[in-house]
> 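Supplied in structure tokens, the structure appears directly below.
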Amino acid sequence: MPNITVQMYKGRDPAKKKALAVALTNAMVESLGCPIAAVQVIIQDVEKHDWAHAGVMASDPKPGAGA
């Protein structure tokens with residue numbers, strides 16, 4: 001069974017998540033020829049204070065972003 005996991009910042013609208021799940025499912029079915037019922041999509045919401053890139057937390061103020 002194909003399983004797709006998406007990690008993204010928390011706060012997206014449920015309708016947008018549903019649209020993403022449909023698009024990813026359809027892409028998997030088209031690419032692999034697997035049955036639609038076999039595809040699972042897991043969306044993990046992550047707080048910005050739990051996500052870092054290059055040692056910088058996503059929740060940290062960006063340089064030049066003003067106070």
> Can you hop from V41 to M8 via hydrophobic side chains spaced under 4.5 Å?
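Result: yes, single cluster for both.
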> Identify each donor-acceptor pair in which a side-chain atom of residues 12-20 lies under 3.5 Å from a protein atom, sequence neighbours left out, and give them as a table.
unit_1, atom_1, unit_2, atom_2, d
R12, NH1, Y9, O, 3.4
D13, OD1, A15, N, 2.7
K17, NZ, D45, OD1, 3.2
K17, NZ, D45, OD2, 2.5

> Taking ring-ring contact (aromatic ring centres under 6.0 Å, His included) as the cut-off, I'd like each qualifying pair that reaches into residues 19-42, sequence neighbours left out, listed once.
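For residues 19-42, and leaving out neighbouring residues, there are no ring-ring contact (aromatic ring centres under 6.0 Å, His included) pairs at all.
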> Check whether L32 and V39 end up in the same hydrophobic cluster, where Ile, Leu, Val, Met, Phe, Trp and Tyr are linked by side-chain heavy atoms less than 4.5 Å apart.
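Hydrophobic grouping puts L32 with V39.
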> Is a side-chain donor or acceptor of K62 paired with a backbone partner of D60 at a separation under 3.5 angstrom?
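Between the backbone of D60 and the side chain of K62 there is a qualifying donor-acceptor contact (under 3.5 Å).
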> Please check if V46 and I4 belong to a single hydrophobic cluster, counting links between Ile, Leu, Val, Met, Phe, Trp and Tyr side chain heavy atoms closer than 4.5 Å.
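No, because V46 and I4 fall into different hydrophobic clusters, even though each may have its own neighbours under 4.5 Å.
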> Quick test of your reading: applying ring-ring contact (aromatic ring centres under 6.0 Å, His included), list the pairs with at least one residue in residues 14-48, sequence neighbours left out, ordered by first then second residue.
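Residue pairs with at least one partner in residues 14-48: there are none.
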> Could you work out, with side chain to side chain contact (heavy atoms under 4.5 Å, CB included) as the rule, every residue matching H49, not counting sequence neighbours?
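Counting only residues at least two positions away or on another chain, H49 forms a side chain to side chain contact (heavy atoms under 4.5 Å, CB included) with E47, S59.
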> Enumerate the side-chain hydrogen bond (donor to acceptor under 3.5 Å, both in side chains) contacts for residues 21-44, please, sequence neighbours excluded, ordered by first and then second residue.
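For residues 21-44, and leaving out neighbouring residues, the side-chain hydrogen bond (donor to acceptor under 3.5 Å, both in side chains) pairs sorted by first residue read Q7-Q44.
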> Examine M28 and I36 and state if one hydrophobic cluster contains both, with Ile, Leu, Val, Met, Phe, Trp and Tyr joined whenever side-chain heavy atoms are less than 4.5 Å apart.
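Both belong to a single hydrophobic cluster.
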